[in-house]
2 protein chains.
Amino acid sequence: MARRMVPRPAAVVVDLDARKATILEAVVIEHIDTAQPVGSSAVAASADLDVSSATVRSEMVALEREGYLAQPHTSAGRIPTDKGYRYFVDHLASGVLGTVQQQQVKDFFAGVRGEVEDVLEQTSTLLSKMTRYTSVVVGASHAHASILSVQLVNLDSRHHLLVTVFSDGSVVKHSLSPSFEATHSEVMEASRQLNALLIGTTLESRVQVPSRHDHEASLVREAVATLHASQPVMDGEQVFIGGSSNVAQAFDGVETVRQVLAILEQELLVVSLVQDMLNQGLSVAIGSEHGYEPLLACALVVAPVTIDGSPAGAVGLLGPTRMKYKEAMAAAEVVSAQLTRHFAGEDCSA
Amino acid sequence: MARRMVPRPAAVVVDLDARKATILEAVVIEHIDTAQPVGSSAVAASADLDVSSATVRSEMVALEREGYLAQPHTSAGRIPTDKGYRYFVDHLASGVLGTVQQQQVKDFFAGVRGEVEDVLEQTSTLLSKMTRYTSVVVGASHAHASILSVQLVNLDSRHHLLVTVFSDGSVVKHSLSPSFEATHSEVMEASRQLNALLIGTTLESRVQVPSRHDHEASLVREAVATLHASQPVMDGEQVFIGGSSNVAQAFDGVETVRQVLAILEQELLVVSLVQDMLNQGLSVAIGSEHGYEPLLACALVVAPVTIDGSPAGAVGLLGPTRMKYKEAMAAAEVVSAQLTRHFAGEDCSA
DNA sequence: GTTAGCAGTCAATTCTACCGAGTGCCAACG
DNA sequence: CGTTGGCACTCGGTAGAATTGACTGCTAAC
């Protein structure tokens with residue numbers, strides 16, 4: 001899967017003159033609204049530039065030559081290209097959330113309770129309900145969190161459960177199935193040793209395991225190995241996708257819908273996509289920009305969530321390239337800000 | 001949401017005579033294959049009854065009158081009704097899994113490792129890949145499992161994590177945020193008391209909590225209350241849905257697709273649907289039979305998974321009413337059997 | 001540089017005719 | 001009486017032609 005970083009439009013994109021920008025904006029807005037190609041006369045009428053459709057036409061020719069607009073066929077109106085959307089997003093799409101929705105977010109965060117996972121999941125639902133797009137909420141991996149507690153619990157003489165608690169409040173379990181039978185006291189002793197060994201370390205720390213050949217030492221070795229072999233992202237299960245039913249309406253063409261759904265099923269893929277983007281603050285990847293073929297028809301809005309200034313996850317919205325960028329960006333921004341505040345504030349278990 | 005139990009076709013459905021049954025079977029099979037109405041001549045040709053299309057026609061009229069077939073419009077062929085599918089499933093659909101797929105299942109279960117959750121999730125993926133339908137795998141709730149260990153871990157002086165390990169190998173966490181600050185030793189002491197109190201009990205047991213007013217007792221009370229208030233199904237998170245992208249192709253009509261996806265998002269609903277069915281062994285709910293409006297176009301195949309003879313979950317397949325019942329039922333049956341064996345056999349952590 | 005006007009293009013729509021799959025009915029047949 | 005071939009009829013789907021109308025690009029005039 002060929003991937004490349006999201007290309008921020010640097011000096012490449014020259015600012016359009018004011019009239020071209022207005023025309024482009026009108027086309028984008030109209031097309032987002034109607035899903036139809038937009039004609040020159042519609043633009044001339046809607047935008048507040050007092051020029052005739054003929055003038056708009058000649059400007060549109062220029063915009064098409066420069067790659068901001070495209071024509072599905074002669075004698076049709078224009079639709080924005082990815083580049084057109086990009087310009088729109090970068091220069092023209094400062095939106096504020098409607099007051100109703102703003103209240104909705106406030107109410108939600110005022111009333112939300114429970115485990116981090118539950119909060120994230122509910123946030124995901126909130127976002128998708130608000131925007132009618134598919135939302136992706138990614139929680140921080142606990143790769144850098146330190147271990148608060150390790151416990152080895154007997155299931156039976158051959159099977160034990162390793163329960164690890166991290167400083168970010170996450171808990172993971174691993175089963176151990178050693179090839180020998182261990183007594184209850186051996187397991188207890190191993191558990192004690194593991195605590196001594198691992199508390200305060202992170203999954204990335206190297207630790208000195210005992211090299212003896214007794215049962216305790218073997219258990220400890222196996223436990224440490226299992227723990228360190230675990231994939232932080234996988235184990236965290238910190239991905240919450242909401243509103244996937246919205247893709248059914250967002251795209252036309254069964255095959256596109258199927259492809260997007262299939263992508264969403266592979267949560268890992270979505271996570272990596274989101275994570276590629278979250279250094280840049282609130283950001284958007286449009287169509288080909290994320291470099292992932294099956295999502296050509298999609299745009300992805302991502303806003304990072306931080307805790308103590310360092311990245312702790314992200315919220316994202318996935319929609320068609322003709323998505324309502326203003327609303328989506330505003331929603332993502334507000335929700336990520338609230339989430340950041342939520343984690344900094346009353347609830348410290350994150 | 002109006003719901004009723006799946007009505008098993010008892011004495012109501014009179015056995016059709018052999019020829020009608022053959023004709024019905026031919027119509028069902030053909031329509032499942034082609035998604036088109038099936039005409040009398042096609043039936044006369046395909047089935048091994050040596051009668052003319054005219055005879056088939058008159059039989060079809062009867063089958064329609066009795067409610068097994070329907071005509072989309074005059075001068076079209078017939079399609080099966082839900083009742084028709086029901087008869088097919090009950091009397092005509094004994095299928096065996098293709099050897100290729102049988103091998104696929106075997107290979108999968110030979111190679112599968114890891115936590116119960118991972119096994120269930122991968123099973124779900126397997127099922128959906130094999131059948132091209134959406135799979136639902138439900139794990140047992142740990143409502144009846146006994147508690148093996150309880151541990152209270154300090155996050156900070158105001159926030160603690162209650163980690164509970166059950167005999168079925170599941171681990172759940174709850175945050176506690178008492179209104180007072182607790183010292184490390186108070187938390188340790190409360191943890192000890194909780195262990196003494198809860199080990200061996202189930203979530204349904206009543207336990208005697210201390211009534212003192214010190215910090216330890218308060219922590220213990222809060223912990224027990226939190227634990228007992230938790231929803232087993234919710235917390236277990238033991239629902240795994242795979243291949244939801246398949247719904248995009250399974251139904252025509254964007255709206256139907258959206259509705260089905262929306263249902264799948266509400267995992268609780270799917271679980272209750274499945275659980276209504278799993279007393280009956282391998283069973284099928286077709287169209288209106290599950291009594292849930294938005295799934296009128298769907299059929300659901302469910303096979304229970306047992307451990308030590310008692311129900312421990314289920315595997316299900318969700319598809320259109322014109323789904324390949326033979327294959328789907330065979331797949332569900334084989335996989336549930338393998339899963340049952342898997343849990344009984346080498347892996348005891350379930 | 002802007003505009004009105006005009007000819008040209010092409011998707012979408014409508015209309016028509018027609019085909020053909022499939023039915024229902026009936027008379028004849030064993 | 002059940003079965004069958006034959007026949008008229010229905011009606012959705014398709015193919016083609018005609019029409020519409022929303023655009024454009026171009027050009028000449030302002």
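Just so we're on the same page: letters track the sequence lines, and every chain starts at 1. Atoms considered below: every heavy atom in the structure, side chains included; atoms not considered: hydrogens, waters and symmetry mates.
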Scan Ala54(B) against the nucleic acid and name what it touches under 4.0 Å (heavy atoms): base, sugar-phosphate only, or nothing.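 Counting heavy atoms under 4.0 Å across all strands, the contact made by Ala54(B) includes a base.
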Taking any heavy-atom pair under 4.0 Å as a contact, classify Thr55(B): base, sugar-phosphate, or nothing.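 Result for Thr55(B) = base.
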Which comes earlier along DNA chain D counting from the 5' end, the contact point of Ser53(B) or that of Gly77(A), where each point is its nearest nucleotide?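 Mapping each residue to its closest nucleotide by heavy atoms, the 5'-most match is Ser53(B).
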Residue whose nearest DNA chain D nucleotide is more 5′ - His73(B) or Glu59(B):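 Of the two residues, Glu59(B) wins.
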May I have the distance from [X] (atom [atom1]) to [N] (atom [atom2]), rounded to whole angstrom?
{"X": "Glu30(B)", "N": "dA21(C)", "atom1": "CD", "atom2": "P", "result": "14 Å"}
{"X": "Arg57(B)", "N": "dG24(C)", "atom1": "CZ", "atom2": "P", "result": "8 Å"}
{"X": "Gln71(A)", "N": "dG8(C)", "atom1": "CD", "atom2": "P", "result": "18 Å"}
{"X": "Ile79(A)", "N": "dA11(C)", "atom1": "CD1", "atom2": "C1'", "result": "14 Å"}
{"X": "Met60(B)", "N": "dG22(C)", "atom1": "CE", "atom2": "P", "result": "9 Å"}
{"X": "Leu63(B)", "N": "dG24(C)", "atom1": "CG", "atom2": "P", "result": "12 Å"}

Gap between atom CD of Glu59(A) and atom CG of Asp17(A) - 0.5 Å precision: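 Answer for the CG-CD pair, Asp17(A) versus Glu59(A), is 6.0 Å.
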Got a donor-acceptor pair under 3.5 Å from the side chain of Arg65(B) to the base of dG24(C)?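 A donor-acceptor contact between them is absent.
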Donor-acceptor pair under 3.5 Å: do we get one between Ser75(A)'s side chain and the base of dT9(C)?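 For Ser75(A), whose side chain was compared with the base of dT9(C), there is a donor-acceptor pair (under 3.5 Å).
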Could you give the start and end, 5' to 3', of the contact zone on DNA chain D for chain B, using atoms under 4.0 Å from its heavy atoms?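 So the outermost contacting nucleotides come out as dT3(D) to dG12(D).
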Indicate yes or no: at least one non-hydrogen side-chain atom of Val315(B) is less than 4.5 angstrom from one of Val274(B).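 When only atoms from C-beta onward are counted, Val274(B) and Val315(B) do not touch, as no gap falls below 4.5 Å.
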Do Asp276(A) and His290(A) come within less than 4.5 Å of each other through their side chains, counting heavy atoms only?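 In short, these two side chains do not touch, never coming nearer than 4.5 Å.
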Quick one: list whatever passes side chain to side chain contact (heavy atoms under 4.5 Å, CB included) with Ser245(B), sequence neighbours left out.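 Listed in chain order: Arg258(A), Leu261(A), Ala262(A), Glu265(A).
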Relative to each other, are the rings of Tyr87(B) and Tyr68(B) parallel, tilted or perpendicular (30° and 60° limits)?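 Rings of Tyr87(B) and Tyr68(B): perpendicular, as their planes differ by over 60°.
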Please name all residues satisfying ring pair (Phe, Tyr, Trp, His ring centres under 6.0 Å) with Phe88(B), sequence neighbours left out, ordered by chain then number.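 Per chain and number, Phe88(B) pairs via ring pair (Phe, Tyr, Trp, His ring centres under 6.0 Å) with no residue.
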Closest contact, heavy atoms only, Met323(A) versus Ile32(A):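 Heavy atoms only, the tightest pair is O-CD1, 3.2 Å.
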